[in-house]
Protein chains: 2
Amino acid sequence: MRMSELSATTGTPVPTLKFYLREGLLPAGERTSPNQSQYDETHVARVRLVRALLDVGGLTVAQASAVVSALDDDSVPLSTTFGIAQRAVTQPAPPATSEANGAARIAELCASRDWAVYPNNPGLTMAARVIDTYSALGVDVITEAALERYAQAADLVAAADLEAVASAHDEAQMTNVVVVGTVLGDALFAGLRRIAQEAESFRRFPLPEGTPAPGDLTDHKDC
Amino acid sequence: MRMSELSATTGTPVPTLKFYLREGLLPAGERTSPNQSQYDETHVARVRLVRALLDVGGLTVAQASAVVSALDDDSVPLSTTFGIAQRAVTQPAPPATSEANGAARIAELCASRDWAVYPNNPGLTMAARVIDTYSALGVDVITEAALERYAQAADLVAAADLEAVASAHDEAQMTNVVVVGTVLGDALFAGLRRIAQEAESFRRFPLPEGTPAPGDLTDHKDC
DNA sequence: ATGTCATGGATACTAACACTATCGATAGTG
DNA sequence: CACTATCGATAGTGTTAGTATCCATGACAT
């Protein structure tokens, strides 16, 4: 198929496809003449993946580029593909200040849960930074119990994620699942968390009499 | 305190503080003369909150503005504060196409878990969109079992979140916890998930002999 | 009292990002 | 043979999150 057809199939404007080609998000098609290239189903799939990473996953073009590079590089052992995908989608954070204790708490948590990871796992810095931020804000709600529950939930999700990876047919498919799952899983969980929060909120803090209950409100008039 | 002191205390440049004032992220100080204002601890706290929302939570200025407006508006009942915070931090998604079934699966999940929420809860659209994206990518890994585990994890986290809210002293503090927790909780969980994923990955797909194990790798040379 | 410096308010500028538009030379198509 | 599409390059656009500059006024130290 030619570029116009790739554009029509994926719903992506031709100039945008050219941009993706320039940025390395989309491999060049097979050249059939100096100014003609053939694209195939793999290109369609790649465009859809890129759009998913950008729109749903919220990645930047640079991050998406790193992700698809990891996908294309089949010299990487599967056991480290998670790391590559994770590092690609996690923006580097500045090192914590000296008086912060988030890193120590996370290290402790890892020890207690038998979480063995590389010390440059981006989740370590990310989680530590969030804990430090909480305490800098004076909102001391990340108790041991709360952190423990978050960790349990993370284990649950991680188990589901790896289950999904293991269910893939071949190694290439596995890599794909890892990459897609790493990015989209965050969004999926965030969505479910919003639902569960609201449901739990209504359970704990019932609405005053006369206020429409969730089930009674069937229109979306307010936003 | 004056603006320069506010700047020094929070580590935020004066022009940025002026920008926050313009954008409504920071309330004006108490005017003591036509060109002098006094700022106090509430302003320091607000600046820190704004930086946390922007840097750690990844919100845009517009979203952060909506969040702090909700914080300042004490006419909102607590039971709906979650909704406001959630809607403020969740970017609206386009409506799903007709053949997509993500919304139906999420509705089913809500029913099975007794999750009663307003139909405009942003998590509903968000989660449905992710599921639709997975299937559009041909990565059919969100089985019923996987979704169930994600939902369990969401319940676990939501319970911890509401526990934190309930532990706050007064209503103003509760609102604060809700807002901060909604935004930072996503990041905290995402970090823990990355750790748990890598740990679980090593458990399921052990590294080949000779490759450094997580515990052996103590430097951060690669990124 | 006066020189210096900070402040508030307004306006303009910048860098990064993700496209989007245009152009010229070619090439395939009806 | 006219017409459209393509490639590759270059340049332009709109948005976002600040930065920078300017000015008139006011505070503060000497």
Side-chain angles (χ1 to χ4, degrees), chain A residues 1-40 43 46-68 88-89 91-92 94 183, chain B residues 1-40 43 46-68 88-89 91-92 94 183:
Chain A
M1 83 180 60
R2 289 184 315 220
M3 179 167 275
S4 61
E5 196 178 346
L6 181 60
S7 166
T9 310
T10 61
T12 308
V14 169
T16 302
L17 294 178
K18 287 184 168 186
F19 172 69
Y20 290 166
L21 284 170
R22 284 202 299 279
E23 298 296 315
L25 291 174
L26 182 65
E30 196 187 349
R31 196 68 40 81
T32 60
S33 89
N35 69 344
Q36 292 284 294
S37 289
Q38 281 294 316
Y39 303 95
D40 57 24
H43 293 89
R46 171 57 57 88
V47 172
R48 282 206 244 267
L49 172 64
V50 167
R51 297 234 69 128
L53 296 179
L54 297 181
D55 298 346
V56 182
L59 302 198
T60 66
V61 166
Q63 290 169 327
S65 176
V67 167
V68 301
V89 308
Q91 77 285 15
V183 175
Chain B
M1 84 183 56
R2 287 181 317 213
M3 179 166 276
S4 61
E5 197 177 346
L6 181 61
S7 166
T9 310
T10 62
T12 308
V14 170
T16 303
L17 293 177
K18 287 184 170 188
F19 171 69
Y20 290 166
L21 284 170
R22 285 202 299 279
E23 298 297 313
L25 290 174
L26 182 64
E30 198 186 349
R31 195 66 41 78
T32 60
S33 91
N35 69 345
Q36 291 287 293
S37 288
Q38 280 295 315
Y39 303 94
D40 57 22
H43 294 90
R46 171 58 57 89
V47 172
R48 283 206 243 268
L49 172 65
V50 166
R51 296 234 72 126
L53 296 179
L54 298 182
D55 297 346
V56 182
L59 301 199
T60 66
V61 166
Q63 288 169 329
S65 176
V67 167
V68 301
V89 307
Q91 78 281 19
V183 176

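As a basis for the values below, the full set of heavy atoms in this structure was taken, side chains included, without hydrogen atoms, waters or symmetry mates. By convention in this document, chain letters (A, B, ...) are assigned in the order of the sequence lines, proteins followed by strands, and residues within each chain are numbered from 1.
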Margin query: Using OP1 and OP2 only, check whether a side-chain N or O of B/S33 sits under 4.0 Å from D/dA27.
Written below: yes
Item checked: B/T16 side chain near D/dT19 phosphate (N/O to OP1/OP2, under 4.0 Å) -> yes
Notebook entry, point to check: The side chain of A/P34 lies closest to which of these nucleotides: C/dA27, C/dA21, C/dT7?
Noted result: C/dA27
Next item on the list: Could you please name the option among C/dC19, C/dT22, C/dG28 that lies closest to any side-chain atom of A/K18?
Entry: C/dT22
Next item on the list: Say whether, by atom type as modelled, one donor and one acceptor occur between the side chain of A/S65 and the main chain of A/V61 under 3.5 angstrom.
Entry: no
Notebook entry, point to check: Between the main-chain N or O of B/T12 and the side-chain N or O of B/S7, is there a donor-acceptor pair closer than 3.5 Å?
Noted result: yes
Next item on the list: Test B/L21 against B/M3 for side-chain contact (heavy atoms from CB on, under 4.5 Å), laying out the working first.
Entry: CA-CA 11 Å; B/L21 284 170; B/M3 179 166 276; 3.6 Å; yes
Check: In terms of side-chain heavy atoms of B/V61, which of D/dA17, D/dC7, C/dG8 is nearest?
Finding: D/dA17
Next item on the list: Report the distance from atom CD of B/E5 to atom C1' of C/dT7, rounded to the nearest whole Å.
Entry: 14 Å
Margin query: Let's see if you can work this out: which of C/dG28, D/dA17, C/dT7 has an atom nearest to the side-chain heavy atoms of B/M3?
Written below: C/dT7
Check: With respect to the side chain of A/S4, which nucleotide from D/dT6, D/dA17, D/dC7 is positioned closest?
Finding: D/dT6
Checklist line | Euclidean distance, atom CD of residue B/Q38 to atom P of C/dG8 [Å, nearest integer] | finding: 9 Å
Check: Within this structure, what is the CG-to-P distance between A/L25 and C/dC17, rounded to whole angstrom?
Finding: 13 Å
Check: Does B/R51 put a side-chain nitrogen or oxygen below 4.0 Å from OP1 or OP2 of D/dG18?
Finding: yes
Notebook entry, point to check: Through what angle, rounded to 10 degrees, does the axis of the helix from C/dA1-D/dT30 to C/dG30-D/dC1 turn between its ends, using five pairs per end?
Noted result: 10°
Next item on the list: Report the distance from atom CG of A/L21 to atom C1' of C/dT20, rounded to the nearest whole Å.
Entry: 15 Å
Note to self: Quick one, B/R2 and B/Q38 - any side-chain contact, counting heavy atoms below 4.5 Å?
What the structure shows: yes
Next item on the list: Please report, rounded to the nearest Å, how far the P atom of D/dT19 is from the OH atom of B/Y20.
Entry: 8 Å
Notebook entry, point to check: Choosing from C/dG8, C/dA27, C/dA18, which nucleotide comes nearest the side chain of B/N35?
Noted result: C/dG8
Notebook entry, point to check: How many Å lie between CZ on A/R31 and P on C/dT26, as a whole number?
Noted result: 16 Å
Note to self: Tell me the interatomic distance from A/L59, atom CG, to C/dA18, atom C1', rounded to whole angstroms.
What the structure shows: 14 Å
Next item on the list: Could you please name the option among D/dT6, D/dT19, C/dT20 that lies closest to any side-chain atom of B/P13?
Entry: D/dT19
Notebook entry, point to check: At what distance, to the nearest 0.5 angstrom, does CG of A/L25 lie from CZ of A/R51?
Noted result: 10.5 Å
Next item on the list: Among the candidates D/dG18, C/dT7, C/dT29, find the nucleotide nearest to the side-chain atoms of B/F19.
Entry: D/dG18
Check: Does B/S33 offer a backbone N or O that forms a donor-acceptor pair with the side chain of B/Q36 under 3.5 Å?
Finding: no
Margin query: Under 3.5 Å, is there any donor-acceptor pair linking the side chain of B/R22 to the base of D/dT19?
Written below: yes
Next item on the list: Drop me the distance from A/Q91's CD to A/L59's CG, to the nearest 0.5 angstrom.
Entry: 10.5 Å
Check: Are the side chains of B/M1 and B/L6 in touch, meaning some heavy atoms are under 4.5 Å apart?
Finding: yes
Notebook entry, point to check: Atom CG of B/L26 to atom C1' of D/dG18: distance rounded to whole Å?
Noted result: 15 Å
